[in-house]
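Throughout, numbering of the chain's residues begins at 1 and tracks the sequence. Atoms considered below: every heavy atom in the structure, side chains included; atoms not considered: hydrogens, waters and symmetry mates. Note that the structure is predicted; figures quoted are calculated from it, not measured.
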Amino acid sequence: MLNINDYYTPLISLFDHMIEQGFVKKEYKDLIIIDGNSKNLIEGLVSHKGE
């Protein structure tokens, strides 16, 4: 998820709230790569693919 200028921060907060309330397991959020820098995001995707 490319979070430029914190556009998706409210959505990320919603994920955190759902985890805190027990509706979603933290492991599911851990599957999402979130960064505000496209280069870092691509590097994260490439390294994740290699795992």
Side-chain angles (χ1 to χ4, degrees):
M1 180 180 300
L2 185 57
N3 191 21
I4 296 175
N5 296 326
D6 293 320
Y7 182 82
Y8 287 110
T9 299
L11 180 60
I12 296 164
S13 295
L14 176 61
F15 292 160
D16 292 336
H17 179 70
M18 292 187 315
I19 291 166
E20 290 168 7
Q21 296 300 311
F23 287 102
V24 176
K25 293 181 180 180
K26 184 182 180 313
E27 294 81 24
Y28 295 133
K29 184 183 175 206
D30 293 340
L31 296 172
I32 303 169
I33 300 170
I34 303 167
D35 202 300
N37 180 299
S38 59
K39 182 178 177 184
N40 293 342
L41 184 64
I42 291 170
E43 289 173 1
L45 290 170
V46 169
S47 68
H48 180 72
K49 182 180 177 185
E51 293 179 2

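A distance of 11.0 Å separates CE of Met18 from OG of Ser13, quoted to the nearest 0.5 Å. For the atom pair CG (Asn37) and CD1 (Ile4), the distance works out to 9.0 Å, reported to the nearest 0.5 Å. The distance from the CG atom of Leu2 to the CG atom of Asn40 is 10.0 Å, given to the nearest 0.5 Å. For the atom pair Asp35 CG and Ile42 CD1, the distance stands at 10.5 Å (nearest 0.5 Å).
In terms of modelled atom types and a separation under 3.5 Å, the side chain of Asp6 and the main chain of Thr9 share no donor-acceptor contact.
Hydrophobic clustering, with ILVMFWY side chains joined whenever heavy atoms are under 4.5 angstrom apart, groups Phe23 together with Leu31. Hydrophobic clustering (ILVMFWY, side-chain heavy atoms < 4.5 Å, transitive): Ile34 and Leu45 are in distinct clusters. With hydrophobic clusters built from ILVMFWY side chains whose heavy atoms lie under 4.5 angstrom apart, Leu41 does not share a cluster with Leu11.
Contact check for Phe15 versus Met1: side-chain heavy atoms found under the 4.5 Å cut-off. Contact annotation: the side chain of Ile12 approaches that of Lys29 to within less than 4.5 Å [non-hydrogen atoms, C-beta and beyond].
The two residues Ile19 and Lys26 have their closest heavy-atom pair at CD1-CA, 3.9 Å.
The 12-atom threshold is not exceeded at CG of Asn5, counting heavy atoms of other residues, nucleotides or ligands nearer than 6.0 Å.
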